[in-house]
*Asks:* 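Below: one structure in structure tokens.
A quick note: this is a predicted structure, and the numbers were derived from the prediction, not measured. Counting starts at 1 for both ligands and their atoms, in listed order. Side chains included, hydrogens not; waters and symmetry mates left out as well; all remaining heavy atoms used.
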Amino acid sequence: MESTLTGSALAASRAALSAAMAENNVLTSDDVGSIEPGEIQEINMEAQAEGIRTVFSDPTSFNVKHPLYSPWTLWFDSPMTKHRNLPQTPISAVPQTPLPQTPGVAAAQGWMEDIKRVISFDSVEEFWGLYNNIVPPSSLPSKANYYLFKEGIIPAWEDEANKYGGKWSIQLPKDKNKPNVDKMWLYTMLAAIGETFDPSLAASDPSGSPPNSLITGVIVSTRQQFYRISIWTRLAPGQDDDGLRERIEGVGRHFKVKVLGYTENQRLAGPLATDVEFVTHKDSEKKGKTKKITI
Ligand code: MGP
């Protein structure tokens, strides 16, 4: 079936899918392309068939799943979730692992009070199942946020995985971007779960263990007059950064060019709009004048 995704979204989706297929030793079209004409490729059909059941082998209970590098959790808040003890959302069908009781989680308790955990997932199929059943950002009320974070990391500065980090973000005026924001958010999520923000890392881990990626999560926020999309990183460049600044800037550039579709030198700041900017969480916490890196 022809994909309806375009450009960077298609690339990100393919990255997620091919990572998953590589883990399952499934032959991809790229593999087929590398076979010389006339060359015979040995495929262990039995091994391939084992554990993978399709509609052809069982018309009622096939179970093809393509695992992601790591499991992710979606969180949500809006004016509706504030100060209310809402029951768990009806789509939380996947078993939830309890939050680690780290000092960071305890410190963020006030902030996390109104943020509801929606669901965790660890496969491409579950991601699409979730995506197809939630309200897109363009239809959310203002003051709402989706937070998609690696499982075990809470969307708070205080979490151990976030406290030395920062965020790339872009602010987009609502009136001009209502038609684009849903795709921008989808492409951002695909780049996160497909680990394409920090590609050197994903490529350099042949063991199949989850890459210790710089990315901890991504957020979309709706406000009265603008949307904001953010990418949270585990670390932020310091004075002796040992190449870290370059890596962090690579994340910002990938976000701006490959995910959002702007050109590298395009200036985006304007009324209610910002460029793609990086701020450390420590600076965000201080709320004062912040040092920004702009891509
Ligand atoms: P925000 O929602 O990230 O910014 O943070 P925004 O959209 O500019 O502000 P808003 O008022 O329009 O929502 C808003 C405020 O929430 C911050 O100033 C902090 O007081 C608090 N806050 C945000 N974050 C991400 C955290 C966090 O991780 N931990 C804690 N403790 N407070 C936070």
*Asks:* May I ask you to identify the nearest protein heavy atom to atom 19 (C) of ligand 1, giving residue, atom name and distance to one decimal place in Å?
*Replies:* W157 CH2, 3.8 Å
*Asks:* Decide yes or no on side-chain hydrogen bond (donor to acceptor under 3.5 Å, both in side chains) for S213 and D198, but give the supporting numbers first.
*Replies:* CA-CA 7 Å; S213 152; D198 195 14; 4.7 Å; no
*Asks:* Salt bridge check, K163 against E285: does any charged N sit closer than 4.0 Å to a carboxylate O?
*Replies:*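 Here E285 does not pair with K163 in a salt bridge, since their nearest N and O are not under 4.0 Å apart.
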*Asks:* What is the distance from atom NZ of K176 to atom NZ of K178, rounded to the nearest 0.5 Å?
*Replies:*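 Here the rounded value is 15.5 Å.
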*Asks:* When you look for heavy atoms under 4.0 Å from ligand 1, do you find them on the side chain of E158, its backbone, both, or neither?
*Replies:* side chain
*Asks:* Quick one: sort the W111 and W157 rings into parallel, tilted or perpendicular, breaks at 30° and 60°.
*Replies:* parallel
*Asks:* With the threshold set at under 4.0 angstrom, would you say M112 reaches ligand 1 through any of its heavy atoms?
*Replies:*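 The answer is no, since M112 has no heavy atom less than 4.0 Å from ligand 1.
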*Asks:* Identify, by atom number and element, the atoms of ligand 1 in contact range of R223, meaning under 4.0 Å from any of its heavy atoms.
*Replies:*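 Contacts of ligand 1 toward R223, numbered from 1: 2 (O), 7 (O), 10 (P), 12 (O), 13 (O).
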*Asks:* So which protein heavy atom does atom 20 (O) of ligand 1 come closest to, and at what separation?
*Replies:*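 Going atom by atom, the protein heavy atom closest to atom 20 (O) of ligand 1 ends up being K287 NZ, 3.6 Å.
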*Asks:* Please state which protein non-hydrogen atom is closest to atom 3 (O) of ligand 1 and give its distance, to 0.1 Å?
*Replies:*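 For this ligand atom, the closest protein heavy atom is R228 NH1, 4.2 Å.
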*Asks:* Do F149 and W232 pass the ring pair (Phe, Tyr, Trp, His ring centres under 6.0 Å) test, and can you show the C-alpha distance, the side-chain angles, and the key distance before you say yes or no?
*Replies:* CA-CA 9 Å; F149 273 68; W232 281 29; 5.4 Å; yes
*Asks:* Quiz question for you: does at least one protein heavy atom lie closer than 4.0 Å to atom 10 (P) of ligand 1?
*Replies:*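 Given the 4.0 Å limit, the answer for atom 10 (P) of ligand 1 is yes, a protein heavy atom qualifies.
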*Asks:* Regarding S120 and T73, is there a side-chain donor-to-acceptor distance under 3.5 Å anywhere?
*Replies:*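 S120 vs T73: donor-acceptor pair found between side chains.
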*Asks:* To check your reading of the model: name the closest protein heavy atom to atom 16 (O) of ligand 1, its residue, and the distance in Å.
*Replies:*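 Answer, as residue, atom name and distance: W111 CZ3, 3.4 Å.
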*Asks:* Using atom types as modelled and distance alone, determine if a side-chain donor or acceptor of N180 lies under 3.5 Å from a backbone N or O of L260.
*Replies:* no
*Asks:* Check each atom of ligand 1 against the heavy atoms of A156 and keep those under 4.0 Å away; list them by number with element.
*Replies:* 28 (O)
*Asks:* Could you tell me whether atom 14 (C) of ligand 1 has a protein heavy atom closer than 4.0 Å?
*Replies:*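 Given the 4.0 Å cut-off, atom 14 (C) of ligand 1 does not count as touching protein heavy atoms.
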*Asks:* Going by distance only, is there an N or O of W232 that falls short of 3.5 Å from an N or O of ligand 1?
*Replies:* no
*Asks:* N/O of K167 under 3.5 Å from N/O of ligand 1, yes or no?
*Replies:*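 No, since none of the N or O atoms of K167 sits under 3.5 Å from an N or O of ligand 1.
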*Asks:* Among S78, S221, S230, which residue satisfies the side-chain hydrogen bond (donor to acceptor under 3.5 Å, both in side chains) criterion with N145?
*Replies:*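 Of the listed options, the one satisfying the test is S221.
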